[in-house]
Amino acid sequence: MMSFAWKTLRHRKAGFAGAFVALLCAAALVTACGMLLETGLRGSVAPERYAGTPVIVAGDQYARMTKKSGKEKAKILSERRWISASLAEEIGRIPGVTKVVTEVTFPYAGFTAHGWESAALTPFTLAQGRAPSAADEVVVDARHSGRAIPGYRVVGVTAQALPNQDTIFFSTDTARRLAGHAGQVTAIGVFPRVDVAVPGAVTYTGDERGAVEFPDAENARIRLISLGGALGGTSLLVAILVVVGTFALSMQQRRSEIALIRAVGATPRQARHLIGREALLISMIAGLIGSGSGILLGFWLRAVFVDLGAVPDNLRLVLSPFPSIVAALTTLVAAWVAARISVRRATTIRPVEALGETAMPTARLPWVRLVAGLLVTAGAVTLTIVLSSLSTEAASSPVTMLTALLWTTAVALLGPLIARVVTALPLRGPGVAGYLARKNLRAETGRFASLITPLTLVTAMTCTILFMQTTVEHAAQGERNAGVRADYVLGPGTSAGAVREIPGVRAATEVLHTSVRINLGRYSAQAVTPEGLAQTMDLKVMVGSLDGFGNTSAAISRTGGRSPQRRHRRRTAAGARRRHPRHGTGRRDLRPWPRLRRSDPAPPPRRGPR
Amino acid sequence: MTEAVRLDAVSKVFGRGQGSVAALREVTVGIPRGTFTAVMGPSGSGKSTFLHCAAGLDVPSSGSVRLGDTALAGMDENALTKLRRERVGFVFQAFNLVSALTVTENITLPLMLAGARVDRAWLDEILHRVGLAGRAGHRPAQLSGGQQQRVALARALVTRPEVVFGDEPTGALDTMTARDVLTLLREVVSALGQTVVMVTHDPVAASYADTVLFLADGRIVDAMTGPSADMVAERMTRLGAWN
Ligand SMILES: Nc1ncnc2c1ncn2[C@@H]1O[C@H](COP(=O)(O)OP(=O)(O)O)[C@@H](O)[C@H]1O
Ligand SMILES: [Mg+2]
């Protein structure tokens with residue numbers, strides 16, 4: 001049987017090419033997505049700055065909540081949570097601790113800035129000059145390009161540099177002042193390696209230290225998990241549907257051959273097995289080649305994500321045989337499922353069809369399929385309507401996928417009907433070829449229908465995956481632009497104070513795009529300096545007013561205000577709970593700047609006047 | 001003389017109610033072993049249906065079919081399939097061969113499906129007899145129509161079946177090639193004692209048989225032994241086949 005299947009495959013290469021390519025792509029994509037997923041699950045970033053410190057004590061970078069069911073859920077915060085500087089003394093009293101080093105970390109003019117107090121963490125030592133002591137002194141690292149640091153004087157250069165950050169050191173006092181978290185530090189380094197447990201902070205050792213050092217990597221890791229899962233799952237589903245389509249098509253083309261082998265002595269079981277073996281063979285070859293080339297695809301995808309800024313460069317891919325094995329196995333199962341589905345036709349072929357004239361039966365749509373198709377179509381229409389009323393990214397992304405899936409399933413179910421309707425349309429290509437093509441399509445709506453399904457699926461899914469992100473970004477960009485009244489938008493690293501002193505500047509608003517978590521739900525947030533806000537932004541306040549907008553107030557966007565967590569308690573990234581008087585509801589949906597990095601306090605620069 | 005196939009009051013009705021078609025009506029006939037029988041009749045007279053019912057490819061609506069001593073009634077599809085591949089051979093008008101397999105593989109396909117051993121000597125003899133000894137490794141696409149039909153005949157013979165059924169086996173061939181294949185069929189009956197039942201609408205083809213059965217409107221209306229092409233043609237004209 002196996003050799004029969006193998007011979008059929010070799011003989012009918014063209015007929016199986018579609019299924020082969022679909023399975024190969026699926027195997028490659030599943031491998032690549034599996035690599036991303038695994039990196040998300042097990043990947044870690046090696047510490048750089050904390051490399052020389054055995055124990056790091058820092059804030060818990062997750063918002064945690066215990067559900068009613070008793071399960072604890074944790075969601076990563078988009079801003080770093082700081083800890084009290086007084087913990088350092090407490091830790092210093094723990095038996096065995098010989099040295100405690102405090103650190104503040106903040107972005108400054110494109111650099112990662114600290115106070116000289118934390119040089120020992122790496123450790124950084126001076127190659128030239130001296131440590132910063134005055135308020136206007138700074139020390140740069142060994143890879144410093146010579147770029148000036150406005151308002152500061154370089155007094156020393158370190159002997160070391162870190163691979164993924166440009167480090168500068170201010171004097172300890174200056175750094176603490178610039179960091180803007182009075183009485184708080186980013187991390188506390190502990191020497192030597194002892195068990196440290198202090199309330200309100202978490203202890204990190206080994207590669208865990210990397211997660212504290214690079215919160216972006218931690219975010220990217222979590223993003224990779226959902227991205228890898230969604231992309232891999234979708235591509236697998238598409239592959240199954242494409243393979244079902246191509247197998248069904250090949251079944252139709254091979255009706256007479258299958259009828260023949262049934263007539264000369266193949267039991268229905270043997271006919272099924274033959275088709276099954278073909279599927280198995282195809283998927284084995286496609287799975288092997290696909291999962292092999294998937295590794296390359298994985299590296300390429302990672303490179304693309306790094307370029308896009310979605311994944312930091314120092315989050316290395318975790319390499320293991322698992323994604324390839326899983327991809328090969330899943331394509332095997334996918335092909336088997338596809339063969340199982342389409343093989344039903346093979347066994348319903350009556351052997352008498354092989355005798356005499358084999359009339360191709362006109363494909364009648366069974367009513368079960370018709371009803372299922374109409375139901376799915378109804379579902380798809382409903383979801384599309386729901387989707388058009390959703391206006392938050394978090395809610396719409398999964399629904400978008402589901403809607404695309406439902407539409408394609410509907411097309412798959414109603415394929416023959418659509419084929420008949422389309423071919424009945426008075427369309428035709430020019431000339432004899434067009435005439436023949438149309439006649440042919442009309443005569444064989446069955447085959448045409450089998451082709452429509454995989455084509456629709458591939459097109460719909462690819463478009464959904466490719467364009468969903470750009471559509472959301474486009475909408476968010478549009479809304480942000482519409483809300484900006486200012487003549488210029490300046491990029492990160494600009495000093496608002498300096499801008500305000502430029503003659504003729506009437507108002508300058510500092511903007512931070514970030515997110516907050518309310519009962520673990522993620523809401524994008526925009527922080528602004530209130531002075532002159534009305535001149536730089538038009539928030540289209542619907543209820544309330546922005547008069548007196550300040551440190552203890554918040555405005556909620558129309559969509560945010562509609563959410564179930566309407567209470568004004570805000571769990572800020574720093575973990576503090578405050579009560580904010582409600583100041584107004586803006587009409588703009590304050591969506592996040594996509595992939596905005598914590599170190600970028602303002603939107604990218606837009607050159608030229610608006 | 002024993003009978004290779006026996007049909008008793010076999011009827012076959014397609015469809016139900018208003019649109020139903022009675023393809024066979026109360027057909028009773030016995031095919032003696034070692035004879036060459038032709039079944040003739042106008043188009044739509046039920047020839048193919050007769051063959052399908054006699055060969056266990058289709059189940060009659062009523063009546064009984066026996067192959068040798070075995071009654072086909074009540075057999076399920078699996079049992080019928082096994083019966084077909086062990087005890088019956090087929091030659092169809094077209095679509096006879098699996099294009100992916102070589103001549104030898106096509107011929108031994110029923111054995112492969114049955115998991116039976118190939119009798120090399122018998123295979124060589126059949127190949128020789130059908131004149132394809134030098135083409136054992138060729139694929140169907142490399143063969144002419146007549147050669148393909150001869151491969152099909154070889155496949156029908158390879159299991160040493162009790163009956164070989166042919167549904168217009170020369171229907172798609174030109175006169176000369178058809179004659180070769182018919183001569184071969186005749187030889188198989190005369191030299192090997194094989195039982196052959198062949199459906200045809202060609203009086204010349206029917207003249208190669210020992211007996212001709214005439215079907216009209218689902219009934220056997222006449223039979224003729226030692227037929228000549230002219231006699232068959234004349235009988236067919238009276239049946240209204242060529243008005
Ligand atoms: N599967 C079928 N379903 C319905 N009617 C059939 C079927 N097969 C044959 N018939 C009808 O039965 C009659 C006899 O058909 P058939 O045995 O093929 O005739 P012949 O082979 O002599 O041309 C014809 O009227 C034909 O339309
Ligand atoms: Mg017929």
Side-chain angles (χ1 to χ4, degrees), chain A residues 1-17 250-279 281-282 343-362 364, chain B residues 12 14 43 47-49 51-53 55-59 76-102 105-116 139-141 152 155-156 158-159 161 165-169 171-172 199:
Chain A
M1 226 7 138
M2 208 60 171
S3 72
F4 190 0
W6 177 240
K7 281 167 191 150
T8 312
L9 280 189
R10 289 221 331 220
H11 188 71
R12 296 179 165 269
K13 286 189 209 86
F16 288 108
S250 96
M251 282 308 100
Q252 267 181 4
Q253 286 166 344
R254 295 171 61 192
R255 273 187 91 83
S256 51
E257 184 181 301
I258 290 160
L260 171 75
I261 65 160
R262 286 276 291 105
V264 301
T267 58
R269 217 174 109 93
Q270 284 179 314
R272 271 204 303 275
H273 277 192
L274 174 66
I275 313 291
R277 299 286 149 85
E278 287 171 9
L281 278 173
I282 277 202
V343 89
R344 244 176 356 101
R345 294 159 194 257
T347 44
T348 55
I349 293 174
R350 288 167 1 113
V352 287
E353 283 178 37
L355 296 142
E357 56 291 13
T358 29
M360 189 79 87
T362 42
R364 243 189 67 244
Chain B
K12 177 73 185 178
F14 289 108
S43 179
K47 302 185 295 292
S48 294
T49 311
L51 198 81
H52 297 163
C53 289
L57 276 169
D58 212 343
V59 181
D76 65 3
E77 186 52 47
N78 274 325
L80 283 175
T81 306
K82 284 185 182 126
L83 178 107
R84 282 201 304 270
R85 76 181 172 208
E86 282 156 17
R87 297 170 61 184
V88 177
F90 291 100
V91 182
F92 310 127
Q93 181 176 353
F95 307 117
N96 255 308
L97 306 176
V98 179
S99 54
L101 302 180
T102 63
E105 287 162 351
N106 263 292
I107 293 174
T108 54
L109 184 60
L111 297 173
M112 191 272 270
L113 291 169
R139 284 188 202 281
R155 182 194 57 212
V158 78
T159 55
F165 290 99
D167 193 350
E168 314 221 11
V199 159

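Order of the sequence lines fixes the chain letters, A, B, ..., with proteins taken first and strands second; residue numbering starts at 1 for each chain.
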Which atom names give the shortest non-hydrogen contact between B/Thr81 and A/Thr267, and what distance separates them?
-> CG2-N, 3.5 Å
Of all the heavy-atom pairs spanning B/Leu113 and A/Ile261, show the shortest one and how long it is.
-> CD1-O, 4.0 Å
Rounded distance (nearest 0.5 Å) linking atom CG of A/Leu260 with atom CZ of B/Phe92 | 6.0 Å
Lys/Arg-Asp/Glu bridge criterion (N-O < 4.0 Å) met for B/Glu77, A/Arg262 = yes
Within the distance-only criterion (no hydrogens, no angle test), does the side chain of B/Arg85 pair as donor or acceptor with the backbone N or O of A/Ala266 below 3.5 angstrom?
-> no
Relative to chain A, which of B/Leu80, B/Leu97, B/Leu101 shows the most heavy atom pairs under 4.5 Å?
-> B/Leu101
Greatest number of heavy atom pairs closer than 4.5 Å to chain A - which of B/Arg139, B/Lys82, B/Glu105 | B/Glu105
Side chain proximity check, B/Arg84 to A/Val264, heavy atoms < 4.5 angstrom = no
